[in-house]
There are 4 protein chains.
Amino acid sequence: MKSKKEIIVETATNLFAEYGFEKTSVAAICEAASVSKGLVYHHFSSKDEILIAIYEQSTQDMMNLSSNDSEKKANEKLSEIINAVFQQLEDNKLFFKLNLNIMFQPSTRKILETQIKERATQLFIVVKQIFNEIDKMNSDVLSYVFISEIDGIALSYLSSFEEYPLQEMKNQLLKKYKND
Amino acid sequence: MKSKKEIIVETATNLFAEYGFEKTSVAAICEAASVSKGLVYHHFSSKDEILIAIYEQSTQDMMNLSSNDSEKKANEKLSEIINAVFQQLEDNKLFFKLNLNIMFQPSTRKILETQIKERATQLFIVVKQIFNEIDKMNSDVLSYVFISEIDGIALSYLSSFEEYPLQEMKNQLLKKYKND
Amino acid sequence: MKSKKEIIVETATNLFAEYGFEKTSVAAICEAASVSKGLVYHHFSSKDEILIAIYEQSTQDMMNLSSNDSEKKANEKLSEIINAVFQQLEDNKLFFKLNLNIMFQPSTRKILETQIKERATQLFIVVKQIFNEIDKMNSDVLSYVFISEIDGIALSYLSSFEEYPLQEMKNQLLKKYKND
Amino acid sequence: MKSKKEIIVETATNLFAEYGFEKTSVAAICEAASVSKGLVYHHFSSKDEILIAIYEQSTQDMMNLSSNDSEKKANEKLSEIINAVFQQLEDNKLFFKLNLNIMFQPSTRKILETQIKERATQLFIVVKQIFNEIDKMNSDVLSYVFISEIDGIALSYLSSFEEYPLQEMKNQLLKKYKND
DNA sequence: CATGAATGAGGGTTCATTCAT
DNA sequence: TATGAATGAACCCTCATTCAT
């Protein structure tokens with residue numbers, strides 16, 4: 001059974017994702033979680049702290065996604081990443097929006113500066129290790145390009161109000177990295 | 001000489017870009033612009049209205065950037081767009097952040113829904129017209145890819161806390177689209 | 001006619017005196033002054049600021065009490081001070097209590113540290129100048145004693161729940177300093 | 001070994017003295033005493049009750065100070081009281097401040113009304129008995145004066161931010177009462 | 001005797017907006 | 001145009017106290 005603390009985090013995640021961090025009041029979280037304000041502040045020292053907990057949790061989840069199966073070839077690993085990201089993108093669209101919201105809201109960006117840097121660094125390392133196997137001399141640029149390509153599609157997809165050809169974009173990417 | 005109304009818009013733009021829309025109070029705008037609250041509400045019916053004015057203005061500016069010189073070849077036009085965007089990206093980094101902030105803050109996104117759609121549509125049309133000259137059958141996908149690639153680099157660049165190899169990424173793009 | 005700001009200060013003074021600074025909520029001040037919270041924060045940047053305004057005002061009033069009639073003899077001046085203080089003590093008992101409350105509440109004492117020091121210094125100077133005329137060698141000690149004697153009676157009077165022989169104490173003091 | 005209850009009282013005393021009663025939360029006491037909230041409320045029915053325990057304890061301690069050696073002469077007893085009080089004043093400055101804090105904080109004053117009255121009465125009786133030996137007709141006034149003189153010095157000393165000539169003031173008092 | 005999750009009222013403060021001047 | 005006093009709802013957070021374990 002879920003603890004009240006877990007319920008609070010989960011509820012807050014949903015509300016932050018739907019309305020944005022700034023526009024979600026602690027009171028709203030309490031009501032949605034059927035919990036008193038006192039309890040929220042018993043578990044978290046501030047509203048910011050809830051956000052930090054959510055973000056760190058999601059970083060953890062993200063890292064657990066990338067399998068470290070070193071048996072596989074580089075291009076297989078890239079395909080795997082692409083598949084995993086696009087899967088997540090479809091399944092947790094709202095959650096990805098939250099991440100962008102956090103990243104580009106100056107106030108939240110400041111709150112999470114440390115954690116954002118940490119995640120970006122780790123992500124880059126994972127990708128670069130793969131490209132090292134492919135082309136050690138240019139692994140830096142290749143990594144930047146790879147990450148940008150995924151980010152770009154995500155951005156277009158998440159910012160679009162209308163239907164977005166996500167599958168087609170994914171296939172384009174898969175094709176490009178198939179023979180690396 | 002600038003009108004008071006222009007001063008208000010300009011001041012608000014800077015503050016929104018630096019602190020985010022939600023975190024910028026009307027009082028702060030008034031103080032920074034050396035103007036009374038009454039005057040702000042004389043010119044704008046609400047804080048939202050200021051944001052709308054800023055966004056529409058910036059869409060206008062953006063559209064004026066893309067020359068409609070139909071004499072040029074498609075690949076030249078693409079290069080031109082790439083150059084223009086990267087130039088802006090460097091010159092007005094804060095302003096681009098504001099656009100992302102607006103786009104992924106659910107509250108502001110809702111306020112500007114109409115304007116965001118409009119801008120996206122216009123942008124897509126401009127790009128697609130170019131790709132129609134290159135490969136009419138696939139102009140849709142090519143346009144999406146092109147926009148995503150630019151968006152992706154912008155996103156990586158704007159979200160990075162550290163040095164980002166913007167020039168190198170730009171060169172990669174230019175190279176890719178040179179011979180189209 | 002009194003300005004709203006003056007009404008706020010006056011109301012706050014009364015409530016602080018009756019219930020203490022910490023135990024008087026801004027909401028209570030608003031209600032008693034028939035004024036909105038917004039207005040209080042329009043005129044004062046914080047609750048502390050109200051306290052500071054009150055304290056500084058009272059220091060001003062206090063200083064205006066001591067006439068600077070340099071024609072008079074030293075012992076006459078002392079008598080005058082004694083009379084003035086005891087008069088105030090009777091008339092504004094609650095206000096003197098507020099001063100003691102502020103002085104010995106660590107939180108308020110810290111808020112007003114600067115102002116408390118300033119007042120104490122000014123007070124000491126005024127008294128010492130008088131004792132300089134009487135006995136220049138010992139004017140420091142004599143000043144301390146004089147101030148302590150008045151403080152002591154005030155303290156006893158203000159802390160007493162029962163009838164306190166204020167007149168008799170005053171006469172004792174007047175008698176002591178009559179022939180200086 | 002100290003009982004948990006004693007630790008709570010001791011910790012609370014220190015915190016009340018340093019931050020004031022109102023500004024010290026039960027949670028702060030618990031943390032400082034390394035004790036749970038439950039335990040505090042097991043030993044005391046409310047926060048007020050802790051304050052009462054502290055105050056009554058200190059009254060007890062105070063009374064134990066004054067020796068009842070009826071052999072001694074009146075002026076010796078007075079000297080003894082003066083010496084004892086000034087000793088305490090130096091040793092437990094913070095604790096005396098707490099007493100003044102309590103006395104002039106309307107809320108705490110009300111909580112401890114009974115105990116404050118009781119202590120004042122007992123103190124007055126002790127002093128008056130001594131002055132009865134000296135001048136029965138005027139023992140009331142003499143007692144008030146004596147208490148006020150001590151209170152006054154204590155007040156000046158405790159309210160001063162700077163060095164205060166406590167020793168000198170003490171000597172003045174001792175000299176005055178030496179030949180009574 | 002001992003813990004700490006849980007409550008709910010109330011604290012100080014911010015802020016978009018209105019309106020008389 | 002231009003000012004700034006004035007409003008009131010909402011915000012984040014604190015805290016004494018209770019209670020199941």
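Please read all numbers here as calculations on a predicted model, not as lab measurements. Residue numbering restarts at 1 for every chain, and letters A, B, ... go by the order of the sequence lines.
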*Sequence neighbours left out, what pairs pass salt bridge (Lys or Arg N to Asp or Glu O under 4.0 Å) with at least one residue falling in residues 41-53 of chain C?*
none
*Pairs involving residues 30-40 of chain B, ordered by first then second residue, that meet salt bridge (Lys or Arg N to Asp or Glu O under 4.0 Å) (sequence neighbours left out)*: none
*asked:* Apply side chain to side chain contact (heavy atoms under 4.5 Å, CB included) to residues A:Thr59 and A:Tyr55 and explain how you reach the verdict.
replied: CA-CA 6 Å; A:Thr59 299; A:Tyr55 194 86; 3.8 Å; yes
*Using salt bridge (Lys or Arg N to Asp or Glu O under 4.0 Å) as the criterion, list what pairs up with A:Lys117, not counting sequence neighbours.*
A:Glu113
What are the atom names and distances for every N/O pair under 3.5 Å that joins the protein to nucleotides 3-6 of chain E?
residue	atom	partner	partner atom	Å
E:dT3	OP2	D:Ser36	N	3.1
E:dT3	OP2	D:Ser36	OG	3.1
E:dT3	O5'	D:Ser36	OG	3.4
E:dG4	O6	D:Gly38	N	3.2
E:dA5	OP2	A:His42	NE2	2.1
E:dA5	O5'	A:His42	NE2	3.4
E:dA6	OP2	A:His43	NE2	3.3

*Take atom NZ in C:Lys23; do more than 12 heavy atoms of anything else shown fall under 6.0 Å from it?*
no
*Per the end-axis method with five pairs at each terminus, what is the bend angle of the helix from E:dA2-F:dT21 to E:dT21-F:dA2, to 10°?*
0°
*Minimum side-chain heavy-atom gap D:Met103-C:Phe104 below 4.5 Å*: no
*Are any non-hydrogen side-chain atoms of D:Ile7 and D:Val35 less than 4.5 angstrom apart?*
no
*Answer with yes or no whether the side chains of D:Glu118 and D:Gln122 bring together a donor and an acceptor at under 3.5 Å.*
yes
Rounded distance in Å - [atom1] ([X]) to [atom2] ([N]):
| X | N | atom1 | atom2 | value |
| --- | --- | --- | --- | --- |
| B:Ile8 | F:dT3 | CD1 | C1' | 13 Å |
| C:Glu31 | E:dG11 | CD | P | 11 Å |
| B:Phe44 | F:dT1 | CZ | P | 11 Å |

If the condition is side-chain hydrogen bond (donor to acceptor under 3.5 Å, both in side chains), which residues does [X] pass it with, not counting sequence neighbours?
| X | result |
| --- | --- |
| B:Ser46 | none |
| D:Glu10 | D:Lys2 |
| A:Gln57 | A:Asp61 |

_Interface with DNA chain E, restricted to residues 17-30 of chain B and to heavy atoms under 4.0 Å_ = B:Thr24, B:Ser25, B:Val26
_Going by side-chain hydrogen bond (donor to acceptor under 3.5 Å, both in side chains), name the pairs with one or both residues in residues 96-108 of chain C, residues two or more places apart or in two chains._
C:Glu22-C:Ser107, C:Asn99-C:Arg119, C:Asn101-D:Gln105, C:Gln105-D:Asn101
_What's the gap between E:dC1 and F:dT21 when it is taken at their C1' atoms, as a whole Å value?_
13 Å
*asked:* If the cut-off is 4.0 Å, is C:Tyr41 near the phosphate of E:dT13, judged by side-chain N/O to OP1 or OP2?
replied: yes
_Qualifying ring pair (Phe, Tyr, Trp, His ring centres under 6.0 Å) pairs, either residue in residues 8-34 of chain A, two or more places apart_ = A:Phe16-A:Phe21
*asked:* Short of 4.0 Å, heavy atom to strand atom, which residues of residues 45-53 of chain B count as contacting DNA chain F?
replied: none
